[in-house]
Amino acid sequence: MSPATTESRDLFAIADLAKEFGISTRAIRFYESKGLLAPERVGATRVFRRRDRARLILILRGKRLGFSLRDISDYLSLYDANRSQQVHLLIDKVDERLASLERQRDDLETTINELREIKKLTSEQPARSR
DNA sequence: ATTCTGACA
DNA sequence: TGTCAGTA
């Protein structure tokens, strides 16, 4: 039996990664078309290594956190390349996302409170016809 | 069977 | 991104 099901493998086919991460092969090809992935080729067939798999994980994490593929692409660039002043670029994006989420939260709270007020006033009213 | 590219939704 | 087509 294979002791390490946790893929300690070196090479992966597009279908392997798609299955492992629950995404479509179409999505993986799409990410490549956007420059987020650059798997090797054996002829025309894509061959993914651990490094590509690691990048895919980062892509999916970025998506989960609500970042655009564009932002994730920028992040990936400094991920392997020379990271230093560029790390600030990531921090900016994180701050942006944070601010966006906080704005949304504030708006939701405002709306929730308004609805609660309406409900309160309504319940104070005598039974109305309907 | 699988994958690939391109096109359309 | 899904899906379909026509290949290799």
Side-chain angles (χ1 to χ4, degrees):
Chain A
M1 54 188 115
S2 51
T5 304
T6 308
E7 308 309 342
S8 57
R9 215 185 335 172
D10 279 66
L11 308 179
F12 306 83
I14 189 171
D16 297 329
L17 297 181
K19 183 179 180 182
E20 181 180 357
F21 299 112
I23 59 180
S24 64
T25 56
R26 176 73 179 79
I28 294 176
R29 295 194 187 96
F30 184 69
Y31 299 152
E32 180 184 343
S33 76
K34 295 302 180 183
L36 303 192
L37 248 30
E40 293 168 32
R41 297 273 187 157
V42 171
T45 302
R46 297 174 176 72
V47 175
F48 300 76
R49 304 196 106 90
R50 287 221 185 66
R51 187 160 181 289
D52 303 305
R53 184 167 168 284
R55 287 176 70 89
L56 180 55
I57 289 175
L58 291 179
I59 293 171
L60 298 179
R61 175 191 294 172
K63 288 198 60 182
R64 233 189 311 124
L65 296 178
F67 291 100
S68 67
L69 289 185
R70 189 55 194 279
D71 290 338
I72 297 173
S73 178
D74 293 338
Y75 171 54
L76 255 31
S77 297
L78 48 142
Y79 173 71
D80 38 29
N82 331 291
R83 60 196 176 190
S84 56
Q85 172 191 347
Q86 302 179 301
V87 173
H88 295 311
L89 194 159
L90 168 60
I91 295 177
D92 287 345
K93 293 300 183 183
V94 171
D95 284 341
E96 242 178 65
R97 181 58 181 162
L98 223 43
S100 174
L101 287 173
E102 291 177 336
R103 277 197 298 279
Q104 287 184 49
R105 184 187 59 193
D106 292 345
D107 288 343
L108 281 175
E109 289 179 340
T110 296
T111 300
I112 288 174
N113 288 324
E114 288 179 0
L115 290 174
R116 282 176 174 161
E117 280 307 305
I118 291 176
K119 183 178 179 181
K120 180 192 297 178
L121 295 177
T122 298
S123 63
E124 289 173 356
Q125 297 300 314
R128 65 182 66 190
S129 61
R130 63 169 189 177

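Below, read A as the first sequence line, B as the second, and so on, with proteins coming before strands; counting in each chain starts at 1.
Listed by first and then second residue, the salt bridge (Lys or Arg N to Asp or Glu O under 4.0 Å) pairs involving residues 95-115 of chain A amount to none (not counting sequence neighbours). Applying the salt bridge (Lys or Arg N to Asp or Glu O under 4.0 Å) definition to pairs two or more places apart or across chains, those involving residues 26-43 of chain A are A:Glu32-A:Arg41, A:Glu32-A:Arg46, A:Glu40-A:Arg49.
Residues from residues 35-48 of chain A that place a heavy atom under 4.0 Å from any atom of DNA chain B, listed by number: A:Arg41, A:Ala44, A:Thr45, A:Arg46. A heavy atom closer than 4.0 Å to some atom of DNA chain C occurs in no member of residues 64-72 of chain A.
Taking atom CD1 of A:Ile14 as the reference point, atom C1' of C:dT1 lies 13 Å away to the nearest angstrom. Atom CD in A:Glu32 sits roughly 11 Å away from atom P in B:dG6 (whole-Å rounding). If you measure from atom CG of A:Leu17 to atom P of B:dT3, you get 11 Å, rounded to the nearest angstrom. A:Ile28 has its CD1 atom 13 Å from the C1' atom of C:dT1, to the nearest Å.
Looking only at distances, a side-chain donor or acceptor of A:Thr122 sits under 3.5 Å from a matching main-chain atom of A:Ile118.
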The dot-bracket string of DNA chain B, counting Watson-Crick and G-U wobble pairs with both distances under 3.5 Å, using [ ] for crossing pairs and | for pairs to another strand, is .|.||||||
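Looking at heavy atoms from C-beta onward, A:Phe48 lies out of side-chain contact with A:Asp16 at the 4.5 angstrom threshold. The shortest distance between side-chain heavy atoms of A:Arg70 and A:Tyr75 does not fall below 4.5 Å. Side-chain atoms of A:Ile23 and A:Leu56, non-hydrogen and from C-beta on, do get closer than 4.5 Å to each other. Side-chain contact check for A:Ile57 versus A:Phe21: some heavy-atom pair is nearer than 4.5 Å.
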Between protein and nucleotides 2-8 of chain C, map the contacts as a letter string: B base, S sugar-phosphate only, - none, heavy atoms under 4.0 Å, written 5' to 3'. BB-----
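Here the CD1 atom belonging to A:Ile14 is positioned 8.5 Å from the OG atom belonging to A:Ser24, to the nearest 0.5 angstrom. Interatomic distance, A:Glu124 CD to A:Lys119 NZ, rounded to the nearest 0.5 Å: 13.0 Å. To the nearest 0.5 Å, atom CZ of residue A:Phe67 and atom OG of residue A:Ser100 are 10.0 Å apart. For the atom pair CG (A:Leu36) and CZ (A:Phe30), the distance works out to 9.0 Å, reported to the nearest 0.5 Å.
The phosphate of B:dT2 (OP1 or OP2) has no side-chain N or O of A:Lys19 nearer than 4.0 angstrom.
For the residue pair A:Phe12 and A:Arg53, the shortest heavy atom distance occurs at CZ-CD, 3.6 Å. In plain terms, the two heavy atoms of A:Val47 and A:Val42 that are nearest each other are CG2-CG2, 3.3 Å.
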